[in-house]
Amino acid sequence: PTDGLLAPPAVDDVMWPLCFISDRLFKVPEDGGGDGPGAPLPPDGRIPLARRSYFIDVPHVQQAFTWDCGLACVLMVLRTLGLDCCHGIAELEKLCRTTSVWTVDLAYLLHKFSVNFSFFTVTIGANPQYSAETFYREQLQEDIDRVDELFGKALDAGISIQIHQCV
């Protein structure tokens, strides 16, 4: 017996194709279904993945310098959400108190404006390997201490940071 969404595989089946499972997971009731594992495959042999998408108009914010792309993105998010809480990138820069903006700085900005978000990273703190990058070279030592402190205080500040291990 099944719930009608996924039937258990036959004994000699090893596993279902991921696209079949995805198709079932993303199916909504008004779709009228999809074909089960015993149904014939389309001519190209691929099972279609049901997709749900929608578009949101995001007002473009032009970055002013080479280093403020993250601030421009935060400002685009704030404007898209209808939060008229700052007048431009310069105001976000003042809130960051640095021109060496890291992703954790952006997380603190989003949190300050009560934006609900998820922060995933592969490195907790400043990655010392960035010392080889021209962009980070001059200020990296100062950044390491500041960024590590922001990561250390994040949970107490109400910012959840999740580590994602690359495989």
Side-chain angles (χ1 to χ4, degrees), residues 5 18-34 46-167:
L5 292 179
L18 179 59
C19 54
F20 174 75
I21 294 170
S22 299
D23 189 38
R24 294 302 182 169
L25 290 174
F26 293 115
K27 183 184 79 155
V28 291
E30 62 269 13
D31 277 348
R46 302 178 90 195
I47 300 172
L49 174 63
R51 295 185 181 162
R52 303 286 174 258
S53 63
Y54 56 94
F55 296 91
I56 298 173
D57 283 331
V58 177
H60 183 259
V61 173
Q62 181 72 41
Q63 62 185 93
F65 304 99
T66 58
W67 56 264
D68 63 354
C69 54
L71 297 179
C73 290
V74 166
L75 191 52
M76 287 188 279
V77 167
L78 296 175
R79 289 181 179 172
T80 299
L81 294 174
L83 301 173
D84 190 23
C85 45
C86 60
H87 300 294
I89 294 175
E91 194 171 327
L92 294 176
E93 177 190 344
K94 287 178 188 172
L95 291 171
C96 281
R97 298 186 311 255
T98 184
T99 58
S100 182
V101 179
W102 290 64
T103 309
V104 70
D105 293 303
L106 305 178
Y108 274 83
L109 283 174
L110 291 170
H111 181 71
K112 176 177 182 49
F113 295 110
S114 301
V115 175
N116 187 14
F117 65 94
S118 298
F119 184 177
F120 295 87
T121 184
V122 294
T123 306
I124 294 292
N127 187 340
Q129 293 178 339
Y130 287 162
S131 63
E133 303 288 334
T134 308
F135 183 82
Y136 295 99
R137 194 170 295 142
E138 289 181 26
Q139 196 160 340
L140 185 63
Q141 195 51 52
E142 289 177 36
D143 284 348
I144 288 174
D145 297 336
R146 184 183 67 78
V147 169
D148 287 352
E149 183 178 348
L150 288 173
F151 271 95
K153 293 179 177 180
L155 194 55
D156 289 339
I159 299 170
S160 173
I161 300 175
Q162 299 176 37
I163 301 171
H164 179 273
Q165 297 297 324
C166 293
V167 288

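Just the heavy atoms: all of them, side chains too, but no hydrogens, waters or symmetry mates, feed the values below.
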Working to the nearest 0.5 angstrom, can you tell me the gap between [X] [atom1] and [Y] [atom2]?
X      : Y      : atom1 : atom2 : answer
Ile163 : Ile124 : CD1   : CD1   : 4.0 Å
Thr103 : Leu150 : OG1   : CG    : 11.5 Å
Leu140 : Ser100 : CG    : OG    : 8.0 Å

Which pair of non-hydrogen atoms, one from [X] and one from [Y], has the smallest distance, and what is that distance?
X      : Y      : value
Arg79  : His87  : NH2-O, 3.5 Å
His111 : Phe117 : N-CE2, 3.7 Å
Ala107 : Phe119 : CB-CD1, 3.6 Å
Met76  : His60  : SD-CA, 3.9 Å
Ile89  : Gln63  : CD1-CA, 3.9 Å
Cys86  : Leu78  : SG-CD1, 4.0 Å

Within-4.5 Å side-chain heavy-atom neighbours: [X] and [Y]:
X      : Y      : value
Leu106 : Leu71  : yes
Leu109 : Val101 : no
Phe65  : Thr99  : no
Leu95  : Tyr108 : no
Leu92  : Phe113 : yes
Gln129 : Thr123 : no
Ile56  : Thr80  : yes
Glu91  : Leu75  : no

### Short N-O contact, Glu149 and Lys153, less than 4.0 angstrom
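Between Lys153 and Glu149 there is a salt bridge, with a charged N closer than 4.0 Å to a carboxylate O.
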### Query
When you measure from the side chain of Asp68 to the backbone N and O of Ala64, does any donor-acceptor pair fall under 3.5 Å?
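The answer is yes, because a donor-acceptor pair under 3.5 Å joins these two groups.
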### ring-ring contact (aromatic ring centres under 6.0 Å, His included) partners of Tyr130, counting only residues at least two apart
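For Tyr130 the ring-ring contact (aromatic ring centres under 6.0 Å, His included) partners, ignoring immediate neighbours, are Trp102, Tyr136.
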